[in-house]
Amino acid sequence: MNDEMPVNLPRYVFRRANGSFRYKRNVPKHLRALLGKDTLYRQLGDSYREAMQALPLVHARVEALLNDETNKSARERSVELIRGALGDEVAELVLAEAVPEYSPIEDALNDLGKALHKQKLPAEVVQQVYSGRLKPDTMTLEKALQEYVAYKSDTPKAAREIGQRVERLRTDMQAVFGKQKLKHVALSDITRQDANELRDHLLSRVSANSAVRMLGVVRTAINHVIVEHALTIPNVFTNLKIKGAGASKHDRLPLSDEQLSLLEPAFSGDAIAWALYVTLRDTGARVSEVSGLRIKDCDLVAKCLHISPTPWRGLKTTNSQRSVPLSVEAVAALGKLIQNNMQDPEAPLFARYAKERGADSCSAMLMKRLRTVITDKKLTMHSLRHRMKDKLRNTGCPEAISLAILGHSTNTVAANYGSGYALDVMREHLEKVWVE
């Protein structure tokens with residue numbers, strides 16, 4: 001980094017008379033009584049180089065402090081003040097609603113409340129501290145989203161994915177409702193009109209199906225807090241009307257037999273691409289399900305795949321976990337790979353795709369080959385799954401067995417009993433597709 005100091009220093013940075021550098025940040029007016037300061041100072045270093053190295057972290061920490069104070073509820077702030085002034089034991093008694101009446105503890109809380117009133121802290125904080133009785137936090141859209149993210153973040157990957165999804169959604173919600181309504185208006189005061197306005201905003205910039213998915217996150221988050229907090233309010237995001245949403249038979253077209261014959265040379269030159277292609281073609285499985293297989297998931301004796309979660313790939317639904325018969329051609333292609341990779345049975349069959357977003361990489365590779373032959377954007381690798389669904393239907397396969405083969409949800413409680421259809425029963429119907 002260049003030691004030469006520019007004429008204009010970065011925002012919040014100034015140089016002291018002794019030559020050192022300092023970070024200076026004015027506290028927003030609404031936070032000054034809460035922080036007890038009008039200005040925040042942080043030392044950055046004795047030289048310009050040191051100051052520039054320290055600035056990003058110092059600025060991030062100050063931003064986090066101000067954001068944390070802004071977002072803190074009256075209840076959280078009251079407990080924090082009680083804990084800091086009177087200790088953990090008193091704070092825990094307040095949280096347990098067990099402060100003895102007419103006790104020295106109650107007197108201490110009264111005195112603390114009076115002191116905070118003189119410091120001009122918010123009245124709702126002063127009242128809770130003075131009385132020693134905490135009020136439940138107001139459930140807002142923002143709080144509902146936060147609790148839902150915390151609930152869904154059971155792994156680092158899940159936390160990152162749901163966090164990114166909600167952050168994008170939060171941007172849209174702020175554009176429609178404004179930050180204050182999102183953070184401070186009670187969930188019970190959010191109306192159906194508010195939900196419709198968010199829907200209309202989303203439809204102005206994304207497809208109908210994307211809007212359905214995004215609104216589904218809001219709906220699910222609200223349902224989560226309604227159950228967890230025993231709220232008696234309606235979920236105004238339920239059953240929103242979205243014109244043009246839903247699956248259409250024209251969204252993705254199935255590949256025809258003629259197109260398959262044209263496609264085969266694009267995949268047959270590479271053992272991995274061919275094994276993936278043939279398995280997808282003859283099982284109707286999802287790309288992620290096949291690309292994430294372990295060696296032990298390929299039972300070449302029983303001629304079937306065991307599709308289940310792996311350390312590098314989950315499954316879309318609980319019904320996705322299943323066993324599916326393999327064709328002779330698929331057995332040969334997968335067997336060739338396994339012979340060339342005699343390793344731990346737990347090892348991935350397609351090692352290059354056994355990673356985060358590995359299925360996306362696999363799909364991109366397969367699509368690159370498919371596009372050398374077929375340019376119609378409605379025809380993709382997923383069209384093999386549509387083809388299998390059509391083939392099973394057209395050869396007389398009962399719907400329940402078709403759902404079992406493809407790993408679709410049946411939406412019935414009874415379907416979840418037992419261990420599913422036998423491989424021989426599924427193979428009987430798949431063979432009709434394979435020989436066509």
Side-chain angles (χ1 to χ4, degrees), residues 23-43 58 60-151 153 178-190 221-222 224-233:
Y23 182 95
K24 177 184 177 181
R25 182 77 173 270
N26 291 330
V27 176
K29 289 183 179 180
H30 69 284
L31 294 178
R32 290 178 184 176
L34 299 169
L35 290 175
K37 298 178 181 179
D38 292 344
T39 309
L40 295 175
Y41 294 96
R42 299 290 187 271
Q43 191 65 24
V58 169
R61 286 176 173 170
V62 171
E63 283 282 300
L65 171 64
L66 297 178
N67 287 334
D68 182 56
E69 289 298 326
T70 298
N71 296 329
K72 197 171 293 179
S73 69
R75 177 188 174 94
E76 291 171 327
R77 198 180 302 282
S78 299
V79 173
E80 186 179 87
L81 290 166
I82 293 169
R83 195 180 300 278
L86 304 177
D88 291 341
E89 185 175 349
V90 174
E92 294 305 318
L93 284 171
V94 171
L95 285 167
E97 300 180 359
V99 174
E101 197 171 6
Y102 307 116
S103 67
I105 292 177
E106 187 179 57
D107 292 340
L109 288 166
N110 293 165
D111 292 339
L112 178 58
K114 292 175 183 177
L116 296 176
H117 176 68
K118 291 179 181 179
Q119 295 173 30
K120 299 183 178 180
L121 263 69
E124 56 185 346
V125 173
V126 172
Q127 181 58 36
Q128 291 188 60
V129 172
Y130 181 87
S131 65
R133 294 182 179 86
L134 302 174
K135 294 181 179 179
D137 287 337
T138 300
M139 181 55 67
T140 63
L141 280 171
E142 174 64 30
K143 189 167 179 60
L145 290 174
Q146 290 174 350
E147 291 198 12
Y148 180 65
V149 168
Y151 167 70
S153 300
K179 290 184 179 180
Q180 297 308 309
K181 187 169 186 175
L182 188 64
K183 291 184 178 181
H184 301 297
V185 173
L187 198 57
S188 57
D189 292 331
I190 300 297
I222 293 174
H224 173 72
V225 297
I226 285 175
V227 172
E228 291 300 309
H229 295 270
L231 304 179
T232 55
I233 61 173

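- Minimum heavy-atom separation, Ile233 to Ile226: O-CD1, 3.6 Å.
- A donor and an acceptor atom, one from each side chain of Glu124 and Gln128, are nowhere located under 3.5 Å apart.
- Taking a cutoff of 4.0 Å between a charged side-chain nitrogen and a carboxylate oxygen, Lys72 and Glu69 qualify as a salt bridge.
- Residues Asn26 and Thr39 meet the side-chain proximity criterion, which asks for heavy atoms closer than 4.5 Å.
- Summarising the geometry, atom CG belonging to Leu187 is positioned 7.0 Å from atom CG belonging to Leu231; distances are rounded to the nearest 0.5 Å.
- Side-chain contact between Glu142 and Leu182 is present, with at least one heavy-atom pair separated by less than 4.5 Å.
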Next on the checklist: Quick one, Ile190 with Ile222, criterion side-chain contact (heavy atoms from CB on, under 4.5 Å). Give me CA distance, side-chain angles, the key distance, then yes/no.
Outcome noted: CA-CA 11 Å; Ile190 300 297; Ile222 293 174; over 6 Å; no
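- In terms of heavy-atom proximity, Ala144 sits nearest to Val225 at CA-CG1, 3.8 Å.
- Between the side chain of Asn110 and the backbone N or O of Tyr130, at least one donor-acceptor pair lies under 3.5 Å.
- Note that CG of Leu66 is 11.5 Å distant from CG of Leu34, once rounded to the nearest 0.5 Å.
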Next on the checklist: Using the rule given for side-chain contact (heavy atoms from CB on, under 4.5 Å), can you reason through Leu95 versus Glu92, listing the C-alpha separation, both sets of side-chain angles and the distance that settles it, and then say yes or no?
Outcome noted: CA-CA 5 Å; Leu95 285 167; Glu92 294 305 318; 4.0 Å; yes
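- Contact detail for Val125 and Leu121: the closest heavy-atom pair is CG1-CD2, 4.5 Å.
- Of all heavy-atom pairs between Val62 and Tyr23, the closest is CG2-CE2, 3.7 Å.
- If you take CG on Leu81 and CG on Leu109, they are separated by 11.5 Å, rounding to the nearest 0.5 Å.
- Across Asp137 and Ser73, no two heavy atoms sit closer than the pair OD1-OG, 2.8 Å.
- If you take CZ on Arg42 and CG on Leu65, they are separated by 6.5 Å, rounding to the nearest 0.5 Å.
- Distance CZ/Arg25 to CG/Asp38: 14.5 Å, rounded to 0.5 Å.
- For Arg32, the CZ atom sits in a packed shell: over 12 heavy atoms of surrounding residues, nucleotides or ligands are nearer than 6.0 Å.
- Using a distance-only test at 3.5 Å, with no hydrogens or angles considered, no donor-acceptor pair links the side chain of Glu147 to the main chain of Lys143.
- Enclosure of atom NE2 in His229 by more than 12 non-hydrogen atoms of other residues, nucleotides or ligands within 6.0 angstrom is indicated.
- Considering CG of Leu31 and CG of Leu40, their distance stands at 9.5 Å, rounded to 0.5 Å.
- Closest heavy-atom contact between Arg83 and Asp88: CG-OD1, 3.0 Å.
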